[in-house]
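Note that this is a predicted model, so its numbers are computed, not measured.
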Amino acid sequence: MTFTRRSALVVAAASIPLVLLAACGGSDTSTASGGASPDGGAAGSGDPVTLQVWGFVPEMEEAIDLFNSTHDDVQVEFTRPADEATMNQQLNAAVTAGSGAPDVIQVAYQNLNTFVTAGLLEDITANASQYSEEFVDWTWTQSTIGGSVYAIPQDIGPMAMAYNTAVFEEHGVEVPTTWEEYRTAAAALQAADPSVYITAFPANGNWFTSLAWQNGAQWFGTSDDAWDVSIDTEPSQEVAAYWQSMVDDGLVKIEPDFSPEWNKDLNDGKLATWVTAAWGTAIIQSGAPDQAGNWAVAPMPEWTPGEPASSNWGGSANSVVTGSEHVVEATEFIHWLNTDPDSLQILTDPAKGGLFPASLAGQEQESFLTPNEYFGGQVVAEVFADAAGVVDASWVWGPTMEQVFSDMSDDIAAATSGTGTLADALTSVQSGTEDAITNKGLAVNE
């Protein structure tokens, strides 16, 4: 048998033993439709099945209206919670109480292990495994835990470098293609105009995690029926040392991303780049309207020249919730949602949902490949699509990622304010994460 890249990914996905998910209390209903009859209605009633769906994707209502207008046997009712954190809390409470939970929920990739460990999601392998080839390979890997499928991928956040062409041209600085060139460019911009920085360095644990991912870090894995935690290791420390030197030498602005001050700096042309995910282009457009036509997108700087590598920041999948009486119908719906051409047209249209789709068909949508006038007419989606193809597919999320992100953000903030270093932050988060996993009743390898 030929051992293809796809089969290698399946092996990697299966490497998280089910014993690590011992807290999972999901029922084994993946091959049945619960109370649904063969015609899709409630057993014996002839009425259509009604699915309750929770999520936060823009314009989801329009996609669901389309589904309801084209399907008779299944209808969907959509609820948009106040925010993602509130939705997750409500889900946990509803599943624990045994009532009030939806059939389908949107889950960020980094939370899938956490949700499965908590017993919140159904195993949909029997109904979903046939769809694996329809999605970017590593998104399917991340949706597969312990060899079982727990989600259908929806959107992703492949990363690239957005840059202000006018700033580079004004100061005669070359656009960097490597991290070494990036540091050189940062120094050149500062020398030309001390008010201009190559970027802001925020206390954002999610963003820093993605930078480590690009450099080949592997923060989590499993062996001997226990979790391996490898946050404080060489690839991550290399990233920390790089940015520490940028901070120490005043080559980056210490400033929160997404803040009013940050938006003003973007709009005033004081920040020359932002290494961001695909969804970041919309944020630049809204935060820096006066820079229309000046921005462009290029691949992430390379650590090793000639060896392109990207990362992912954000994105989510759709899962069937534990206890749903309509697992088959729910799985069919989330597959339709993320592969039907008309649904994808709504979800990927920059003027509507604006998602960067995980489905391969979605990345061929006309609306997805529309030139972006703000970015000088560049088809920015093509750059991010190429980036998605060089994301390290072996990355594994741990079971306590909200804790990891929060602790990392706090420790970065401390380091940039003069208390400790970014290297210290990695050491601290490593220790805190091992404790957090142990406190969940899971084993951690020494």
> What about Y150 and F115, are their ring centers closer than 6.0 Å?
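Distance test on ring centres: not under 6.0 Å, no.
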
> Assess the side chains of D342 and Q345: does a donor N or O sit below 3.5 Å from an acceptor N or O?
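Not at all, the side chains of D342 and Q345 share no donor-acceptor pair under 3.5 Å.
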
> Do W397 and F220 come close enough that some side-chain heavy atom pair is under 4.5 Å?
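With C-beta onward as the side chain, the pair stays apart.
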
> Check whether T125 reaches the backbone of V149 with its side chain - one donor and one acceptor, N or O, closer than 3.5 Å.
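Here the side-chain-to-backbone pair exists.
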
> Any side-chain donor paired with an acceptor under 3.5 Å for S316 and Q106?
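Yes, a side-chain donor-acceptor pair sits under 3.5 Å.
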
> Between Q291 and N164, do the side chains contain a donor N or O and an acceptor N or O under 3.5 Å apart?
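A donor-acceptor contact under 3.5 Å links the two side chains.
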
> Side chains of D83 and T86: is there a donor and an acceptor less than 3.5 Å apart?
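The criterion, which ignores hydrogens and geometry beyond distance, is satisfied for T86 and D83.
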
> Could you grab the distance from atom CG of N127 to atom OG1 of T331, nearest 0.5 Å is fine?
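Atom-to-atom, N127:CG and T331:OG1 are 5.0 Å apart.
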
> Distance only, no hydrogens: is a donor on one side chain within 3.5 Å (strictly under) of an acceptor on the other, for W219 and S236?
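Yes, side-chain donor-acceptor contact under 3.5 Å.
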
> Going by atom types alone, do E181 and T177 pair a side-chain donor with an acceptor below 3.5 Å?
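E181 vs T177: donor-acceptor pair found between side chains.
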
> For P158, does its backbone N or O pair with a side-chain atom of S310 as donor and acceptor, under 3.5 Å?
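Side chain of S310 to backbone of P158, a donor-acceptor pair under 3.5 Å: no, none is there.
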
> Is the side chain of N204 donor-acceptor paired with the backbone N or O of N206 at a distance under 3.5 Å, no angle test?
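Yes; at least one donor-acceptor contact below 3.5 Å.
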
> When you measure from the side chain of T281 to the backbone of A278, do you find a donor-acceptor pair of N or O atoms at a distance under 3.5 Å?
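Looks like yes, one N/O pair under 3.5 Å.
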
> Can you check whether A126's main-chain N or O pairs, donor with acceptor, with S129's side chain at less than 3.5 Å?
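No: the side chain of S129 does not pair with the backbone of A126.
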
> Testing the 3.5 Å rule here: is there a donor-acceptor pair between the side chains of Q237 and D232?
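Yes, side-chain donor-acceptor contact under 3.5 Å.
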
> So I254 and V247, do their side chains get closer than 4.5 Å, heavy atoms only?
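They are in side-chain contact.
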
> Going by the rule ring pair (Phe, Tyr, Trp, His ring centres under 6.0 Å), which residues pair with W303 if we only count those two or more places apart in sequence or in a different chain?
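W303: ring pair (Phe, Tyr, Trp, His ring centres under 6.0 Å) contacts with W179, Y242.
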
> Closest heavy-atom contact between D225 and A443?
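Here D225 and A443 meet closest at O-CB, 4.1 Å.
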
> Side chains of N215 and E238: is there a donor and an acceptor less than 3.5 Å apart?
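Distance-only check passes for N215 and E238.
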
> Just by distance, with hydrogens left out, do S324 and E122 show a side-chain donor and acceptor under 3.5 Å apart?
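Absent: no donor and acceptor within the cut-off.
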
> Given the rule in the side-chain contact (heavy atoms from CB on, under 4.5 Å) test, do I198 and R183 qualify, once you have shown the distances and angles that lead to the verdict?
CA-CA 9 Å; I198 196 162; R183 196 184 197 289; over 6 Å; no

> Have Q190 and D249 got a donor and an acceptor in their side chains that come within less than 3.5 Å?
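Short answer, no.
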
> Where does the angle between the aromatic ring planes of W213 and W395 fall among parallel (under 30°), tilted (30 to 60°) and perpendicular (over 60°)?
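Because their plane-to-plane angle is under 30°, the rings of W213 and W395 count as parallel.
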
> Could you tell me the separation between the CZ atom of F375 and the CG atom of N294, rounded to the nearest 0.5 Å?
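Rounded to the nearest 0.5 Å, the CZ-CG separation comes to 10.5 Å.
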
> Drop me the distance from L266's CG to D257's CG, to the nearest 0.5 angstrom.
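Interatomic distance, L266 CG to D257 CG, rounded to 0.5 Å: 10.0 Å.
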
> Can you find a heavy atom in the side chain of T416 that is under 4.5 Å from one in the side chain of F201?
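The answer is yes, as the side chains (C-beta and beyond) meet within the 4.5 Å cut-off.
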
> Output the distance between atom CD1 (I231) and atom CD (Q218), rounded to the nearest 0.5 Å.
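Rounded to the nearest 0.5 Å, the CD1-CD separation comes out at 12.5 Å.
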
> Tell me whether W227 contacts the main-chain N or O of P399 through its side chain, where contact means a donor paired with an acceptor under 3.5 Å.
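Here the side-chain-to-backbone pair does not exist.
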
> Would you say the rings of W262 and W274 are close, in the sense that their centroids are separated by under 6.0 Å?
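Yes; W262 has its ring centre under 6.0 Å from that of W274.
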
> Quick one about Q154 and N338 (side-chain donor to acceptor, distance below 3.5 Å, no hydrogens or angles considered), yes or no?
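Looking only at side-chain atoms, Q154 and N338 do form a donor-acceptor pair, the distance falling under 3.5 Å.
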
> Is it the case that the side chain of D424 and the backbone of T421 share a donor-acceptor pair, with hydrogens and angles ignored and the cut-off at 3.5 Å?
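It does hold such a pair.
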
> For M300 versus A309, what's the shortest heavy-atom pair and its separation?
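Heavy-atom minimum between the residues: CB-O, 4.0 Å.
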
> Verify the distance criterion only: is there a donor paired with an acceptor across the side chains of S223 and D228 at less than 3.5 Å?
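Present: a donor and an acceptor within the cut-off.
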
> Classify the side-chain pair T438/D435 by whether it contains a donor and acceptor separated by less than 3.5 Å.
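Per modelled atom types, T438 and D435 side chains form no pair under 3.5 Å.
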
> Under the ring pair (Phe, Tyr, Trp, His ring centres under 6.0 Å) rule, collect the residues that match up with F56, sequence neighbours excluded.
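F56 satisfies ring pair (Phe, Tyr, Trp, His ring centres under 6.0 Å) with no other residue.
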
> With rounding to the nearest 0.5 Å, note down the distance linking OH in Y197 to CG in L271.
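Y197 atom OH to L271 atom CG measures 9.5 Å (nearest 0.5 Å).
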
> Please check if the side chain of D103 supplies one atom and the backbone of L51 the other of a donor-acceptor pair under 3.5 Å.
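No, the answer is negative, given that no donor and acceptor are paired below the 3.5 Å cut-off.
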
> Could you tell me the separation between the CE atom of M159 and the CD atom of Q214, rounded to the nearest 0.5 Å?
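So the gap between those two atoms works out to 8.0 Å.
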
> Taking the six-membered ring for Trp and the full ring for Phe, Tyr or His, determine whether the centres of F384 and W279 are under 6.0 Å apart.
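Ring centroids of F384 and W279 are no less than 6.0 Å from each other.
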
> Looking just at side-chain N and O atoms, do D392 and S394 make a donor-acceptor pair shorter than 3.5 Å?
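Yes.
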
> Is it true that a side-chain atom of T370 and a backbone atom of E366 form a donor plus acceptor pair closer than 3.5 Å?
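Checked: pair present.
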
> Could you verify whether a donor N or O on one side chain and an acceptor N or O on the other, from S367 and T348, lie under 3.5 Å apart?
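Side chains of S367 and T348: pair found under 3.5 Å.
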
> Between T114 and E402, do the side chains contain an N or O donor and an N or O acceptor separated by less than 3.5 Å?
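Judged by distance alone, the side chains do not pair up.
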
